[in-house]
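Every value quoted in this text rests on a predicted model; they were computed, and no experiment measured them. What you see below is based on every heavy atom in this structure, not just the backbone, and it leaves out hydrogens, waters and symmetry mates. Both counts, for ligands and for their atoms, begin at 1 and track the order of listing.
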Amino acid sequence: MARLTIALGQRSYEIAVEAGALDGVADHVAPWIKRNRSLWVSDSTVAERHWPRIAAQLEAAGVAAALHIVPAGEASKSWAELARLTDWLLAEGVERSDTVFALGGGMIGDLTGFAASIVKRGCDFVQVPTTLLAQVDSSVGGKTAINTAAGKNLIGAFYQPRFVLIDPQVLSTLPPREMRAGYAEVVKYGLIDDAAFFEWCEAHGADVLAGHPDALHHAITTSVAAKARIVGEDERETKDRRALLNLGHTFGHALEADTGFGERLLHGEAVGVGMVLALHYSARRGLCASRDADRLAAHFQACSMPVTLQDAGVTADGAELVDHMRHDKKMAGGTLPFLLARGIGQTFLCHDVDLDDVAAFLDEAHADAR
Ligand code: NAD
Ligand code: GLY
C-alpha cells in the first residue's frame with residue numbers, strides 16, 4: 001500500500017494505491033461519508049462489473065448508497081449528461097458537505113468532478129478510478145470538464161477531489177486495448193523528466209500491460225508521484241510547468257478530432273502517437289536525436305501500440321490537422337505553445353513553433369509511411 005500526498009495548501013489530499021482496496025472500500029471511504037449515506041456515479045460498464053460488491057460492503061457497514069449510471073463512452077461528457085447528473089444530485093438532496101464518489105475512468109471522473117464543482121456552488125468529491133489512464137493521470141490534479149460541439153474539454157473547472165482511492169486490481173476487467181491506451185500516459189512521465197523511468201518502462205512495460213502486480217504498483221505510484229509533484233508546483237497551468245503533462249496532446253487532439261473522438265482512436269492512443277510525433281518533430285528541428293524518437297516508437301510497437309498516422313487511421317493532410325490545432329484552448333495571441341523534447345526525459349514548452357511548418361512535417365510523416 002502506498003499513500004501519496006498532493007500538496008496544495010488547503011486543497012491538499014491523499015492518493016492511496018492498494019491492490020484489493022475495493023474489497024475494503026467502506027473503511028477507505030469512511031472519513032468522507034456524511035449522514036450515513038453516499039452518492040456514487042459510475043458508467044454502465046463499470047457499474048455492471050464492480051458496483052455489486054461495493055454496494056454490498058457499504059450496506060454491511062450501515063451506509064446507504066445511491067448510484068447514478070451514465071452511459072459508457074466519451075459521448076457522455078456532455079451538457080445532457082451533466083444536466084441529468086446534477087438533477088439527480090439535487091433530487092437526492094445533496095448538501096454542500098456531502099461527498100460524491102466518481103467510480104470509473106476519465107470520462108466519469110471529468111463529468112462527476114465538474115458536476116461536484118457546480119452543484120450548490122461546490123460539494124466534495126472523491127475519485128475511485130477504474131482505468132489505467134484514470135489511475136495514472138485524470139483522477140489526480142483536479143481538471144474537470146465536458147465536451148461541446150466546439151471541442152473537447154472546453155467547458156470545465158479546476159476542482160480538486162478530497163481523496164483518490166486507486167485499486168490496481170480493478171484493472172483485471174479492463175480490455176487490453178484500454179490498458180495499452182492508459183500505458184501511453186505512464187510512459188509520458190518518463191519522457192517528461194525521468195529518463196530512468198522510461199528505461200524501466202522499456203524493461204517492464206510488458207509486465208505492466210499483463211497486470212503483473214509489482215510492475216503495476218510501481219508504474220502507478222511513480223506516475224502519480226510525478227503528477228502530484230508537477231501539479232503541486234503549478235496547479236492552474238500558469239507557469240509552463242503543468243503544461244509539460246500535455247506532451248503529445250496537441251498532436252493527439254488533432255488526431256482525435258480527425259477520427260471523431262471515439263472508438264476509432266482512444267484518447268490514450270492519440271496521446272501515444274502524438275508523443276512519437278512530438279519527438280520526431282523535435283528531431284526534425286535539430287532539438288533531439290532521431291534515435292530518441294525511434295526508441296520511443298520501438299517501445300510502443302513492442303507493446304502493440306499505434307505509432308504512426310496510418311496506425312492511428314488518420315487520413316487528413318497536414319493543413320487539416322493543423323486546422324484542428326488552431327481550435328486548441330492553449331492558443332494564445334495566434335500562436336500555439338508546443339511540447340517538444342531535447343531528448344528522452346527532457347521535455348520543454350516551445351513558444352516558437354510555426355504551424356505551417358508543423359503541417360509540412362505531418363505531410364512528410366504521411367509520405368514516409370507510403
Ligand atoms: P473512459 O472513462 O471512457 O473508459 C474507457 C472504457 O473503459 C469505457 O468503456 C469504460 O466503461 C471502460 N472501463 C472503465 N473501467 C473499467 C474496468 N475496470 N473494467 C472494464 N471496463 C472498464 O476513458 P478513459 O480512457 O479512462 O479516460 C478518457 C477521458 O479522460 C477523456 O475524456 C479525457 O479527456 C479524460 N482525461 C482527463 C484528464 C484530466 O486530467 N482530467 C487527463 C487525461 C484524460
Ligand atoms: N492531463 C493533463 C493535466 O492534468 O494537466
Worksheet item: For Asp137, is at least one N or O under 3.5 Å away from an N or O on ligand 2?
Response: yes

Discussion item. Geometry only, no angles: is Arg242 polar-contacting ligand 2 at N/O separations under 3.5 Å?
Written reply: yes

Practice prompt. Check whether more than 12 heavy atoms from other residues, nucleotides or ligands sit under 6.0 Å from atom CZ of Arg37, and answer yes or no.
Written response: yes

Discussion item. Looking only at the aromatic ring of each residue, does the gap between the centers of Tyr183 and His299 stay below 6.0 angstrom?
Written reply: yes

Worksheet item: When the ring centroid of Phe338 is compared with that of Phe251, is the distance short of 6.0 Å?
Response: yes

Practice prompt. Between His249 and ligand 2, find which residue part has any heavy-atom pair under 4.0 Å and reply side chain, backbone, both or neither.
Written response: neither

Salt-bridge contact [X]-[Y] (side-chain N to carboxylate O under 4.0 Å):
X: Arg241; Y: Asp193; answer: yes
X: Arg284; Y: Glu364; answer: yes
X: Asp98; Y: Lys34; answer: no

Anything under 3.5 Å between a donor and an acceptor, one on a side chain of residues 105-116, the other on a protein residue two or more places apart or in another chain? List them.
| unit_1 | atom_1 | unit_2 | atom_2 | d |
| --- | --- | --- | --- | --- |
| Asp110 | OD2 | Lys77 | NZ | 2.8 |
| Thr112 | OG1 | Ile108 | O | 2.7 |

Please tabulate, one line per pair, the protein nitrogen or oxygen atoms found under 3.5 angstrom from a nitrogen or oxygen of ligand 1, with distances to 0.1 Å, or say none if there are no such pairs.
| unit_1 | atom_1 | unit_2 | atom_2 | d |
| --- | --- | --- | --- | --- |
| ligand 1 | 2 (O) | Gly106 | N | 3.1 |
| ligand 1 | 2 (O) | Met107 | N | 3.0 |
| ligand 1 | 11 (O) | Asp43 | OD1 | 3.2 |
| ligand 1 | 11 (O) | Asp43 | OD2 | 2.7 |
| ligand 1 | 15 (N) | Thr130 | O | 3.2 |
| ligand 1 | 15 (N) | Thr130 | OG1 | 2.8 |
| ligand 1 | 18 (N) | Thr130 | O | 3.0 |
| ligand 1 | 18 (N) | Val170 | O | 3.1 |
| ligand 1 | 18 (N) | Thr173 | OG1 | 3.3 |
| ligand 1 | 19 (N) | Thr173 | O | 3.3 |
| ligand 1 | 19 (N) | Thr173 | OG1 | 2.7 |
| ligand 1 | 26 (O) | Gly106 | N | 2.8 |
| ligand 1 | 26 (O) | Thr131 | OG1 | 2.7 |
| ligand 1 | 27 (O) | Gly106 | N | 3.2 |
| ligand 1 | 32 (O) | Glu74 | OE1 | 2.6 |
| ligand 1 | 32 (O) | Glu74 | OE2 | 3.0 |
| ligand 1 | 32 (O) | Lys77 | NZ | 2.8 |
| ligand 1 | 34 (O) | Lys77 | NZ | 3.1 |
| ligand 1 | 34 (O) | Lys152 | NZ | 2.9 |
| ligand 1 | 34 (O) | Asn153 | ND2 | 3.4 |
| ligand 1 | 41 (N) | Asp110 | OD1 | 2.9 |
| ligand 1 | 41 (N) | Lys143 | O | 2.9 |

Worksheet item: Is Gln160 reaching over with its side chain to a backbone N or O of Gly141, donor-acceptor style, under 3.5 angstrom?
Response: yes

Discussion item. Please determine whether any non-hydrogen atom of Glu185 lies less than 4.0 Å from an atom of ligand 2.
Written reply: no

Worksheet item: Short list, please: which atoms of ligand 2 are under 4.0 Å from a heavy atom of Asn246?
Response: 2 (C)

Worksheet entry | ligand 2 atoms in contact with Lys143 (distance to a heavy atom under 4.0 Å) | 2 (C), 3 (C), 4 (O), 5 (O)

Worksheet item: Which residue owns the protein heavy atom closest to atom 4 (O) of ligand 2, what's the atom, and how far is it?
Response: Lys227 NZ, 2.6 Å

Practice prompt. Verify whether one side chain among Asp240 and His351 offers a donor that lies under 3.5 Å from an acceptor in the other.
Written response: yes

